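Only heavy atoms go into these numbers, but all of them, side chains included; no hydrogens, no water, no symmetry mates. Owing to the predicted nature of the structure, the values given are computational and were not obtained by experimental measurement. Every chain is numbered from 1, with letters handed out A, B, ... down the list of sequences.
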There are 2 protein chains.
Amino acid sequence: MTLKGVISLPQICDRACQTCLDKLCTHKIPLFSALPFEALTEIATQIEHTEYPAGSVIIPLGTVSSSVTIISGGQAKACRYSADGREQILYIFSEGDFFGEQHLLSASETPYQVEALTDTRICQLSRQALNQLIIRHPELALQLIQDLTLRLGRLEQAIQTMGGRSIDARISTTLLDFAERYGRVRSDGIHVTLPLSREGLASYIGIARETISRKLGQLENDGIIESRGHRGLRIIRIDTLRTLAE
Amino acid sequence: MTLKGVISLPQICDRACQTCLDKLCTHKIPLFSALPFEALTEIATQIEHTEYPAGSVIIPLGTVSSSVTIISGGQAKACRYSADGREQILYIFSEGDFFGEQHLLSASETPYQVEALTDTRICQLSRQALNQLIIRHPELALQLIQDLTLRLGRLEQAIQTMGGRSIDARISTTLLDFAERYGRVRSDGIHVTLPLSREGLASYIGIARETISRKLGQLENDGIIESRGHRGLRIIRIDTLRTLAE
DNA sequence: GAAAAGATGTGATTGATGTCACATCTCTTC
DNA sequence: GAAGAGATGTGACATCAATCACATCTTTTC
């Protein structure tokens with residue numbers, strides 16, 4: 001955790017100690033990165049924090065809310081369920097990601113359920129508070145627009161991948177995406193801790209669990225990846241994976 | 001057939017008469033709906049207008065741009081091409097829709113090619129101009145955020161539909177979507193002029209052209225829709241279609 | 001560390017969709 | 001309004017992923 005040029009934090013304690021800084025989730029949130037220091041401490045007082053254990057539901061489907069939620073620790077999935085009960089995972093949220101931007105202009109129903117994948121801490125900021133912040137700090141609006149734009153771009157990419165007929169390309173794209181977000185480069189390849197089980201991967205990619213198993217098995221046979229337990233993965237030949245992803 | 005030219009208000013006439021106001025694309029654009037009258041005329045002087053004939057390329061793939069583009073008339077498709085040449089249509093833009101929001105913070109490559117489906121008029125506003133507008137009119141930022149949020153919601157819906165296994169659901173959803181956007185309610189059902197050919201529908205939905213033909217034929221046999229020439233469609237039993245879409 | 005619970009791997013089978021080839025229909029153009 | 005170009009419909013076939021059923025492997029729990 002990098003802290004540079006940080007001044008004092010009178011509200012919390014009388015000096016900028018590590019403990020207090022860690023409590024300020026605003027420092028970890030890219031959305032607020034463009035704001036001046038004083039604004040961050042100001043925001044911090046308006047934020048409501050909550051913790052959820054792994055597996056619990058953070059936002060039940062159909063909740064009417066007027067808050068924007070930011071993940072300040074852990075991972076969560078956003079998903080919808082179709083009439084026959086099939087789950088479709090839309091996003092994997094990690095530290096720093098936010099959702100609920102649709103409530104910014106008016107309270108409304110959340111379009112997806114959010115569930116904790118690991119123990120998760122969230123910060124919630126009310127519509128009113130965020131709107132006031134935007135009016136006082138227009139650069140926050142620009143940052144928000146940029147973040148939304150990035151997300152749009154990712155969804156556009158996802159739609160192209162899902163629209164294409166090749167399941168292999170979808171899987172390769174997903175693995176590359178996870179490698180980039182959660183991977184650690186080592187001498188023998190990229191080590192990734194997958195955020196989802198095979199079942200979860202299946203819901204995310206939109207195919208059957210058995211198909212994921214078979215396809216990953218195939219990739220392992222071809223020496224492209226190595227499975228290390230249920231959530232572990234080592235990517236051996238990332239260039240080959242990139243080729244498969246097209 | 002491409003005529004460029006900047007239109008400033010005085011060039012049209014010397015006062016704000018209704019006829020001239022109608023020519024100001026700023027009045028037709030939802031994105032600007034929250035702005036005061038003076039701002040609209042101010043924006044109008046900074047906009048560059050261009051026309052494109054049906055079938056022409058408005059934004060070639062890979063264009064580096066720093067403008068936001070608004071469709072002020074006609075329809076266009078945004079599409080990507082995969083390595084094997086398959087087209088994936090991401091959006092159908094109609095009057096009032098905009099794209100290029102990714103260029104708002106820095107000039108960048110367009111992530112998709114935009115092609116005119118009909119004769120199309122566009123308005124382009126530079127990054128600098130739009131940024132200045134946002135700073136002077138923060139409500140514009142909120143409107144932009146809302147529009148982006150709406151688009152995100154639509155893409156999320158699309159991903160759920162594409163992730164689900166049922167092709168029938170995808171087709172029904174698409175038809176309902178088109179009915180809502182382009183349909184006219186009459187006594188014998190909803191008459192829709194499709195913006196795309198069967199080939200286009202196939203690229204949009206992500207399936208083979210032949211499959212679309214067969215599925216639409218099936219829907220017609222079941223008395224749910226009636227095909228009227230290549231682009232015409234009458235939706236007879238919209239409730240059944242809704243059931244199929246789940 | 002052993003047992004139970006849960007997740008994953010795998011074979012056989014089925015069905016739906018892509019592909020190819022070509023007939024037929026629509027729309028455009030002159 | 002006739003001809004041609006382009007778009008669409010349709011049959012046959014191959015292919016690939018979903019499903020079902022069950023074995024096997026990991027992880028968790030006590």
Interatomic distance, B:Arg86 CZ vs C:dG18 P [rounded to whole Å] | 9 Å

Give the angle between the helix axes at the two ends of the helix from C:dG1-D:dC30 to C:dC30-D:dG1, taking five base pairs at each end and rounding to 10°.
-> 60°

How long is the span from the CD1 atom in B:Ile47 to the OG atom in B:Ser72, to the nearest 0.5 Å?
-> 8.5 Å

Tightest non-hydrogen contact, residues B:Leu196 and B:Tyr204, listed as CD1-CB, 3.9 Å

side-chain hydrogen bond (donor to acceptor under 3.5 Å, both in side chains) filter on B:Ser203, not counting sequence neighbours, yields B:Glu87

Side-chain touch A:Ile207/A:Ile171, heavy atoms, less than 4.5 angstrom | yes

With B:Glu101, which residues qualify under side-chain hydrogen bond (donor to acceptor under 3.5 Å, both in side chains), at least two apart?
-> B:Arg151

Leading and trailing nucleotides of DNA chain D with any atom under 4.0 Å from heavy atoms of chain A | D:dA17 to D:dT27

Any chance you could measure B:Thr50, atom OG1, to B:Ile122, atom CD1, to the nearest 0.5 Å?
-> 4.5 Å

B:Phe178 versus B:Val192, closest heavy-atom pair with distance = O-CG1, 3.9 Å

Check DNA chain C against residues 197-218 of chain A and give the residues with a non-hydrogen atom under 4.0 Å, in numerical order.
-> A:Ser197, A:Arg198, A:Glu199, A:Arg209, A:Glu210, A:Ser213, A:Arg214

Does A:Ser213 have any side-chain hydrogen bond (donor to acceptor under 3.5 Å, both in side chains) partners at least two apart in sequence or in another chain, and if so, which?
-> none

Which distance, rounded to the nearest 0.5 Å, do you find between the NZ of A:Lys77 and the CG of A:Leu90?
-> 11.5 Å

Rounded to the nearest 0.5 angstrom, the CD-SG distance for B:Gln88 and B:Cys79 is 9.5 Å

